[in-house]
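Heads up: the structure comes next, in structure tokens.
Note that the structure is predicted; figures quoted are calculated from it, not measured. Note that these values count all heavy atoms, side chains included, but never hydrogens, waters or copies made by symmetry.
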Amino acid sequence: MVPPMLQTTPGSRGKRTRQLPVPLTALPALSGAQQAVLLKWLKSDAQERSWQSLLQVAGSNQLEVADTLVQALLLCGAVALKEELYHGQWRPWRVVWTDLEGLQTLAGVSTRSQRDADKASLSMDLQALAQAHPWLSVAVHSLLNDVLTIASKTARAELLQALVVWQQAQRQGMRQDFALAARGHTKAISTTEWDWLEATVPLETLGIGRFEPLIWLAGSIALCAATEPSGPQASWATWGFVGLPCRILDAMQVAHAPQSYWLIENRASFERQASRLPPGTCLVWLPGRPSSAWLQAMRCLLTLAPAPADISCDPDPAGIQIALTAGALWDAAGIPWQAAHMASEIWRAGTTLPLNDYDRRVLAELQTTPGLPSGLASLRDDLISSGTKAEQEGWL
């Protein structure tokens with residue numbers, strides 16, 4: 001017998017719809033098991049669900065709980081219940097939420113409107129962050145376009161804010177130090193988040209090292225301890241290449257000086273060229289967005305053994321910036337340097353990639369950069385005209 005508080009609307013033959021003709025105002029008293037099932041159901045934003053799909057979500061061991069729950073929701077006006085006549089008995093067929101977002105709010109579940117509002121607010125905050133701190137533009141662009149939950153995006157946005165605080169305080173340390181500062185625990189940043197940060201942010205430049213910062217050298221140079229100039233010399237012309245802690249360069253002397261330096265950004269290219277160097281050349285790996293520790297080590301080396309340099313970076317907007325950063329060391333020392341192996345005739349015929357929004361913003365900045373060396377200015381113009389970029393590993 002249908003309770004008088006419910007309205008019954010006949011449908012097609014053997015079907016009917018029942019619902020309470022008053023708006024939902026409160027949740028009924030529910031058991032813990034019923035609350036757990038309801039939370040599972042409310043994760044979906046579908047306005048109407050088949051009863052069978054809801055039973056599957058509840059689980060095979062919660063069928064009775066699901067049945068009593070849907071009846072309680074019917075009696076509080078939360079659902080309209082579409083039923084079908086089966087072997088002389090009415091049974092649920094489909095469930096329609098009468099006010100899904102209202103019910104989600106009462107149950108403490110985020111609504112689609114809330115998530116959309118949070119997403120729009122986060123997007124505005126991220127764009128403002130990128131405008132205030134252009135070095136975060138790649139990370140912001142990635143975050144805005146990644147397919148992640150709003151919770152994950154918010155957590156990553158908070159990491160970017162923590163990077164700003166770290167950078168403004170001019171802090172230096174290991175990854176564990178940054179994790180402690182950002183989230184209160186040395187292991188609070190996941191491997192996936194570190195991978196994302198490493199791919200989009202110049203961590204080493206910000207003074208966040210994974211390990212002790214090294215400077216990698218190869219070719220014609222020999223060093224010895226400043227306290228023992230006649231002691232053993234470290235020469236690796238026949239060793240391939242070696243990495244030295246950046247901190248020790250200011251305690252070294254050059255026993256055999258190079259005639260020139262060659263800085264290469266791509267690590268694979270650096271290792272490949274280490275075995276092909278002409279006599280007199282010292283090869284240095286130039287990490288993208290070099291850290292202050294690397295810059296200081298290179299500054300020490302250049303003071304001890306001044307020589308001109310060729311600087312080879314990826315032919316892309318960031319590569320131009322990196323070349324300028326390294327070249328500034330030679331400018332400060334009054335020693336000539338030039339961009340090498342970056343001209344368009346070298347890379348335009350090979351594999352290229354399209355410029356993205358961040359690339360175009362950097363190129364716009366480079367158009368107003370005073371004193372840009374002619375080789376890099378030509379590269380900038382070629383990137384703009386072609387709309388493409390490349391990676392030096394393909395030919396160097």
Side-chain angles (χ1 to χ4, degrees), residues 172 174 202 204-205 207 209-314 319 321-342 373 375-376 392 396:
Q172 299 279 325
M174 306 298 286
E204 294 289 340
T205 303
R210 187 169 189 173
F211 305 106
E212 181 170 4
L214 303 178
I215 184 167
W216 291 85
L217 305 172
S220 299
I221 190 170
L223 302 176
C224 61
T227 56
E228 298 181 57
S230 60
Q233 298 179 1
S235 176
W236 39 84
T238 59
W239 296 357
F241 51 87
V242 297
L244 299 177
C246 290
R247 58 181 169 80
I248 73 169
L249 265 293
D250 59 359
M252 302 294 285
Q253 285 188 355
V254 174
H256 175 69
Q259 298 171 8
S260 65
Y261 291 97
W262 184 13
L263 277 60
I264 294 181
E265 177 192 0
N266 184 277
R267 180 54 188 262
S269 297
F270 164 81
E271 295 188 8
R272 186 180 302 123
Q273 295 302 322
S275 62
R276 307 174 182 175
L277 291 173
T281 299
C282 175
L283 183 66
V284 186
W285 178 47
L286 168 59
R289 310 295 184 184
S291 67
S292 58
W294 186 94
L295 291 170
Q296 178 58 28
M298 191 67 242
R299 191 177 292 112
C300 288
L301 194 59
L302 195 53
T303 300
L304 294 170
D310 287 338
I311 300 179
S312 302
C313 299
D314 286 336
Q321 291 181 320
I322 294 168
L324 289 173
T325 299
L329 299 176
W330 272 259
D331 289 336
I335 305 171
W337 68 277
Q338 64 179 356
H341 305 282
M342 296 175 69
L376 294 179
Q392 65 181 182
L396 191 60

Just wondering, are more than 12 heavy atoms of other shown residues or ligands nearer than 6.0 Å to CD in Gln259? no
What is the distance from atom CE of Met342 to atom SG of Cys313, rounded to the nearest 0.5 Å? 5.0 Å
Could you tell me which non-hydrogen atom of Met174 sits nearest to which non-hydrogen atom of Glu212, and how far apart they are? CE-N, 3.9 Å
Least distance between heavy atoms, Arg210 atom then Glu204 atom: N-OE2, 3.7 Å
Would you mind writing out the side-chain donor-acceptor pairs for residues 264-271 within the sub-3.5 Å range, not counting sequence neighbours?
{"from": "Glu265", "atom 1": "OE1", "to": "Asp314", "atom 2": "N", "distance (Å)": "2.8"}
{"from": "Asn266", "atom 1": "OD1", "to": "Ala268", "atom 2": "N", "distance (Å)": "3.0"}
{"from": "Asn266", "atom 1": "OD1", "to": "Ser269", "atom 2": "N", "distance (Å)": "3.0"}
{"from": "Asn266", "atom 1": "OD1", "to": "Ser269", "atom 2": "OG", "distance (Å)": "3.4"}
{"from": "Arg267", "atom 1": "NE", "to": "Glu271", "atom 2": "OE2", "distance (Å)": "2.9"}
{"from": "Arg267", "atom 1": "NH2", "to": "Glu271", "atom 2": "OE2", "distance (Å)": "3.3"}
{"from": "Ser269", "atom 1": "OG", "to": "Leu396", "atom 2": "O", "distance (Å)": "3.0"}

For a quick test of reading the model, state the closest non-hydrogen atom pair linking Ala218 to Phe241 and the distance between them. CB-CB, 3.8 Å
What is the distance from atom CD1 of Ile311 to atom CD of Gln338, rounded to the nearest 0.5 Å? 9.5 Å
Donor-acceptor pair, side chain of Thr281 and main chain of Ser260, under 3.5 angstrom: no
What's the spacing between Ile221 CD1 and Leu304 CG if we round to 0.5 Å? 8.5 Å
Does the Trp330 side chain pair with the main chain of Pro306, one donor and one acceptor, at a distance under 3.5 Å? no
What are the two closest non-hydrogen atoms of Gly219 and Leu277, and how far apart are they? CA-CD1, 3.6 Å
Atom CG in Leu214, atom CG in Leu244: separation rounded to 0.5 Å? 8.0 Å
Quick one: closest heavy-atom pair of Gly280 and Ser220, and the distance? N-OG, 2.9 Å
Distance, nearest 0.5 Å, that separates CG of Leu329 from CD1 of Ile335: 10.0 Å
Might you point out which heavy atoms bring Trp262 and Ser312 nearest each other, and give the distance in Å? NE1-OG, 2.9 Å
Pairs of donor and acceptor atoms involving the side chains of residues 293-302, under 3.5 Å and at least two apart or interchain, shall be tabulated with distances.
{"from": "Trp294", "atom 1": "NE1", "to": "Trp285", "atom 2": "O", "distance (Å)": "3.2"}
{"from": "Gln296", "atom 1": "OE1", "to": "Arg299", "atom 2": "NH1", "distance (Å)": "2.7"}

Trace of the side-chain contact (heavy atoms from CB on, under 4.5 Å) decision for Leu223 with Val254: CA-CA 5 Å; Leu223 302 176; Val254 174; 3.7 Å; yes
